[in-house]
Amino acid sequence: MQQTANHHDAERVVGYTLHGRRYLNVTHRCTLRCAFCPKYNRTWDVQGYDLRLQADPTVAEMIEAVGDPVQWEAVVFCGLGEPTLRLDDILEVARDIKTRGARCVRINTDGLASLVHGRDVTPEMAGCIDALSISLNAQDELTYERHCRPKLPGAHAALLDFARKARAHVPEVTLTAVDGLAGVDIAACEAIARDLGVGFRRRVLDQVG
Ligand code: SF4
């Protein structure tokens with residue numbers, strides 16, 4: 001594994017590399033307040049990278065952090081925050097790196113972008129976003145609310161609707177859920193993904209990124 005920064009660095013980490021993929025640390029802001037989030041356990045460290053941001057990186061800084069996009073298996077918008085809170089900015093970066101040969105551009109998201117922005121944003125992703133990894137987190141609203149503590153009502157239904165609509169515009173849509181959280185039924189989460197016609201990936205607690 002290639003690591004070019006560690007938690008002793010004074011400079012903020014805009015981009016970091018894991019397994020040939022380039023991750024962009026878009027924002028620290030979130031729509032959720034997940035009880036299991038490393039942020040709320042006072043750690044901002046993901047696999048050796050300190051992802052604390054004093055200020056969100058600019059579009060130019062994110063493009064610079066990608067460098068030559070051809071070299072990466074994938075470029076991933078993530079955080080320890082929700083990248084789609086900066087939807088226009090990440091789509092601008094995505095369009096730029098796609099025209100310069102990015103192989104796969106992915107967003108790791110809570111799936112609440114349409115709820116937050118008040119419109120169906122999935123068509124805007126057509127042509128520049130290749131993959132979405134959406135945190136389903138729980139099989140029903142009650143369990144979801146308990147673990148993710150969304151700031152907006154209707155979040156669980158909104159994320160399912162987002163995943164359903166995204167299929168028409170984004171080639172690869174995957175729901176994820178964290179195994180090991182109380183009350184989370186991984187098989188039921190997987191069944192939801194199957195019903196929606198999207199992929200599913202089980203994540204392990206305490207492994208973000
Ligand atoms: S969405 Fe991710 S970063 Fe935001 S609170 Fe939940 S676990 Fe933390």
*Asks:* Any chance CG of L152 has more than 12 other-residue heavy atoms, nucleotides or ligands included, within less than 6.0 Å?
*Replies:*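 Correct, the count exceeds 12.
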*Asks:* Counting C-beta onward and ignoring hydrogens, is there a side-chain heavy-atom pair between T84 and L112 closer than 4.5 Å?
*Replies:*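 T84 vs L112: side chains apart.
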*Asks:* Is the number of heavy atoms from other residues, nucleotides or ligands under 6.0 Å of E172 CD greater than 12?
*Replies:*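 Open.
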*Asks:* Quick one: do R119 and E124 make a salt bridge, cutoff under 4.0 Å?
*Replies:*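 The answer is yes: the pair qualifies as a salt bridge.
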*Asks:* Taking the side chain as everything from C-beta on, heavy atoms only, tell me whether D56 gets closer than 4.5 Å to V26.
*Replies:*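 Not in contact.
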*Asks:* Tell me, with the steps shown, if D96 and I63 meet side chain to side chain contact (heavy atoms under 4.5 Å, CB included).
*Replies:* CA-CA 8 Å; D96 178 89; I63 289 172; 3.7 Å; yes
*Asks:* Under a 4.5 Å cut-off applied to non-hydrogen side-chain atoms, are V170 and T122 in contact?
*Replies:*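 Sidechains of T122 and V170: no contact.
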*Asks:* Any non-hydrogen side-chain atom of V76 less than 4.5 Å from a side-chain atom of R22?
*Replies:*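 Contact flag for V76/R22 side chains = no.
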*Asks:* Tell me, with the steps shown, if I134 and T176 meet side chain to side chain contact (heavy atoms under 4.5 Å, CB included).
*Replies:* CA-CA 6 Å; I134 305 170; T176 72; over 6 Å; no
*Asks:* When rounded to the nearest 0.5 angstrom, what is the spacing between OH in Y144 and CG in L32?
*Replies:*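 Reported to 0.5 Å precision, the distance equals 4.0 Å.
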*Asks:* For residues D179 and V204, determine if any side-chain heavy atom of one lies less than 4.5 Å from a side-chain heavy atom of the other.
*Replies:*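 When only atoms from C-beta onward are counted, V204 and D179 do not touch, as no gap falls below 4.5 Å.
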*Asks:* Could you tell me if the side chain of Y16 sits less than 4.5 Å from the side chain of R21, heavy atoms only?
*Replies:*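 Heavy-atom side-chain distance check fails, nothing below 4.5 Å.
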*Asks:* Are V178 and N137 packed together at the side-chain level, in the sense that at least one heavy-atom pair is separated by less than 4.5 angstrom?
*Replies:*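 The answer is yes; the side chains approach within 4.5 Å.
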*Asks:* The test is side chain to side chain contact (heavy atoms under 4.5 Å, CB included); show your working for L91 and M125 and say whether it passes.
*Replies:* CA-CA 7 Å; L91 293 182; M125 296 177 178; 4.3 Å; yes
*Asks:* Before you tell me yes or no, could you show the steps for E141 and L160 under side chain to side chain contact (heavy atoms under 4.5 Å, CB included), namely the whole-Å CA-CA distance, both residues' side-chain angles and the distance that decides it to 0.1 Å?
*Replies:* CA-CA 11 Å; E141 186 171 3; L160 294 178; over 6 Å; no
*Asks:* In this structure, are over 12 heavy atoms from other groups packed under 6.0 Å from E145 atom CD?
*Replies:*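 Yes, because the 6.0 Å sphere around CD of E145 holds more than 12 heavy atoms from other groups.
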*Asks:* Can a salt bridge be assigned to the pair R103 and D130 using a cut-off of 4.0 Å between side-chain N and carboxylate O?
*Replies:*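 Salt bridge flag = no for D130 with R103.
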*Asks:* Should the pair D120-K165 be classified as a salt bridge under the 4.0 Å nitrogen-to-oxygen rule?
*Replies:*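 Result for this pair is no, no salt bridge flagged.
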*Asks:* Does some side-chain heavy atom of R203 sit less than 4.5 Å from a side-chain heavy atom of R201?
*Replies:*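 Yes, at least one pair of side-chain atoms sits under 4.5 Å.
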*Asks:* Is any side-chain N of the basic residue among R100 and D68 closer than 4.0 Å to the acidic one's carboxylate O?
*Replies:*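 Salt bridge absent between R100 and D68.
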